[in-house]
Amino acid sequence: MDLSNCSTCLLKSKAARYLLDEELITQTQNCVHGEFKKGETIFKQNALSSNIIYIQTGLVKLMIDGPHATQILRLKKAPCYLGIPTTMGDKINHYSAIALESTQACFIDIGVFRGLLKTNPEFSYQIIVKLCKNELDQFDRCVNLVQKQIFGRLATHLLYLSNEIFNSKEFIMPLTRNEIAQLTSTSRETVSRLLNVLSKEKIIKINGKKVQVLNYQMLVKISEKG
DNA sequence: GCATTAACCACAG
DNA sequence: CTGTGGTTAATGC
């Protein structure tokens, strides 16, 4: 499959399915396809950005270097757009994007993307809906981080990985302990300890990178009670 | 006071 | 990169 031709790409975004043939051709002509290995940076905080990035396959972390520590803002799973807020909202990126696994991405020229938003209402509408959903997610994440204690925060994120990212009670943890800490806003040591506690309580099972949710109800309870 | 929570440090696999 | 133990500070009965 040719991933650099928008017209024939089978991994088109929901929004892009509303694009007309000639619009897809224009997009293809102003789009660069690239592949990123685990750990490679897709775009960087504080750098000038002139592209919207569409992720076809893979998993990405968005992170921001804060005044006190590095925060993982959220994970993003393909298919999705990256960098619409940071490219449209400012000249300079407010956060970085780094691949957590092998990732295929398309860099769409911002001028072309703007043009599509203006000429194709259905495309724009789909993009807005997506942006709104993202904002709601971020609000939820914000409250989760600010108001819950660490067990609650950790449980919520384990459920997020299980439900939203992998759709399975069993998955390979794509993050290091330190990255889990950056995601849940705590220390690496605390993550280690808490995962051990959850494991001893038979709520989850950990085998190296493999995580298995054993007592889903309990995990939900912990996540809710905080 | 005393208990709990969680960060920080150091050190060892 | 991880796990553990000791220490310490903040907060809440």
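Side-chain to base pairing of A/E189 with B/dC8: no donor and acceptor N or O lie closer than 3.5 Å to each other.
Each of A/I180, A/I222, A/L198 was evaluated against A/L158; a single residue qualifies, A/L198, per the side-chain contact (heavy atoms from CB on, under 4.5 Å) test.
Between A/K200 and the phosphate of C/dG3, there is no side-chain N or O to OP1/OP2 separation shorter than 4.0 Å. OP1 or OP2 of C/dT4 has not a single side-chain nitrogen or oxygen of A/S192 nearer than 4.0 Å. The side chain of A/N178 contributes no N or O atom lying less than 4.0 Å from OP1 or OP2 of C/dT2. OP1 or OP2 of B/dA6 has not a single side-chain nitrogen or oxygen of A/T190 nearer than 4.0 Å.
The cationic atom of A/K210 (NZ for Lys, CZ for Arg) does not lie both less than 6.0 Å from the six-membered ring centre of A/F171 and within 45° of the ring axis.
Following rounding to the nearest Å, A/R177 (CZ) and B/dC8 (P) show an atom-to-atom distance of 19 Å. Rounded to whole angstrom, the span from the CZ atom of A/R193 across to the P atom of B/dT5 amounts to 13 Å. The separation between A/K210 atom NZ and C/dT2 atom P is 18 Å, rounded to whole Å. Regarding A/F151, its CZ atom lies at a distance of 8 Å from the P atom of B/dA6, rounded to whole Å. Summarising the geometry, the separation between CG on A/L145 and P on B/dA6 is reported as 13 Å, rounded to the nearest angstrom. Rounded to whole Å, atom P of B/dT5 lies 17 Å from atom NZ of A/K148. Rounded to an integer number of Å, the gap from A/K38 NZ to C/dC1 C1' is 12 Å. For the pair A/R188 CZ and B/dA12 C1', the computed distance is 12 Å after rounding to whole Å.
Ring orientation note: the planes of A/F123 and A/Y81 are nearly perpendicular, at an angle over 60° on the 30°/60° scale.
Relative to the side chain of A/Q149, the nucleotides B/dA7, B/dT5, B/dC8 differ in distance, and B/dT5 lies closest.
With hydrogens and angles left out, the side-chain atoms of A/Q104 and A/H33 include a donor and acceptor closer than 3.5 Å.
With sequence neighbours excluded, no residue satisfies side chain to side chain contact (heavy atoms under 4.5 Å, CB included) with A/Q149.
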